[in-house]
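A short worksheet on the structure shown next.
We're numbering straight along the sequence, starting at 1.
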Amino acid sequence: VQLQASGVGLVQPGGSLRLSCAASGRGFSITAWYRQAPGKQRELVASITSGGDTNYADSVKGRFTISRDNAKNAVYLQMSSLKPEDTAIYYCNKVRGLSNFWGQGTQVTVSS
C-alpha cells in the first residue's frame, strides 16, 4: 500500500489549503490526518471511517473538514481560517485490519 499526500503549501494566516491523500489499495476502515509541529508530538487532526463518520481535534473543529471520494480512492482535508499554530508536517494515515499505513508527510506553513 502506498499513500501519496499532496497539497504542500505556504499560506498566510486566515487562508485556506486542501490536502489530498490517494492510496494504491482499498479496504481501509479509517483514514486520518495527523500533524507534527517542531518539538511536539504527532497529533490526530481529523479522521473519517469507511462509513463516513468523522472526528476532529478540538483545535481544528469548525475550520477543517475531512471528506472522501470513493471513486478516486482519495481523502481530502480542507483547511480554512489557518493559523500559525497549524504549521506542521501533515501525515496521511490509513488503517486496514491490524495494519497502519503512513504517507510521507507534507509541510504546511502558515505565515505572513
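- A cation-pi arrangement is present between K94 and F28 under the rule of less than 6.0 angstrom and at most 45 degrees off the ring axis.
- With hydrogens and angles disregarded, a donor-acceptor distance shorter than 3.5 Å links the side chain of D69 to the backbone of K72.
- L77 is not listed as a side-chain neighbour of V75, based on a closest heavy-atom distance of 4.5 Å or more.
- Here W33 and F64 keep their ring centres 6.0 angstrom or further from each other.
- Two residues are said to be in side-chain contact when any heavy atoms from C-beta on lie closer than 4.5 Å; P13 and P84 meet this criterion.
- Under a hydrophobic clustering in which Ile, Leu, Val, Met, Phe, Trp and Tyr are joined whenever their side-chain heavy atoms come within less than 4.5 Å, directly or via other members, I30 and W102 fall into different clusters.
- In this structure, SG on C21 lies 13.5 Å from OH on Y91, to the nearest 0.5 angstrom.
- Only one option out of L82, L17, L10 pairs with V110 in a side-chain contact (heavy atoms from CB on, under 4.5 Å); it is L82.
- Taking both residues in full, the closest heavy atoms of A46 and Y56 are given as CB-CD2, 3.6 Å, listed atom of the first, atom of the second, then distance.
- For Q41, the CD atom is loosely surrounded, since the number of other residues' heavy atoms within 6.0 Å does not exceed 12.
- Follow the hydrophobic side-chain contacts under 4.5 Å out from V11 and you reach V45 in the same cluster.
- Nearest heavy atoms, A88 versus Y90: O-CD1, 3.4 Å.
- Look at K61 and D58 and you find a salt bridge, because one of the NZ, NE, NH1 or NH2 atoms lies within 4.0 Å of a carboxylate O, short of that distance.
- Between the side chain of S81 and the backbone N or O of R63, no donor-acceptor pair lies under 3.5 Å.
- Here the closest heavy-atom approach between residue Q78 and residue S16 is recorded as NE2-CB, 4.0 Å.
- With no hydrogens or angles considered, no side-chain donor-acceptor pair links R18 and Y76 at under 3.5 Å.
- In summary, of the residues considered (E85, R35, K83), a side-chain contact (heavy atoms from CB on, under 4.5 Å) with S59 occurs for R35 alone.
- The shortest side-chain heavy-atom distance between I48 and D53 does not fall under the 4.5 Å cut-off.
- The OG1 atom of T109 sits 9.0 Å away from the CD1 atom of I89 when rounded to the nearest 0.5 Å.
- Annotation for S47 and A32: closest pair CB-CB, 3.8 Å, computed over non-hydrogen atoms.
- Annotation: cation-pi pair R42/Y34 absent, no NZ/CZ under 6.0 Å from the ring centroid and within 45° of its normal.
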Under the side-chain contact (heavy atoms from CB on, under 4.5 Å) rule, what do T87 and Q107 come out as? Steps first, then yes or no, please. CA-CA 8 Å; T87 295; Q107 177 70 46; 4.0 Å; yes
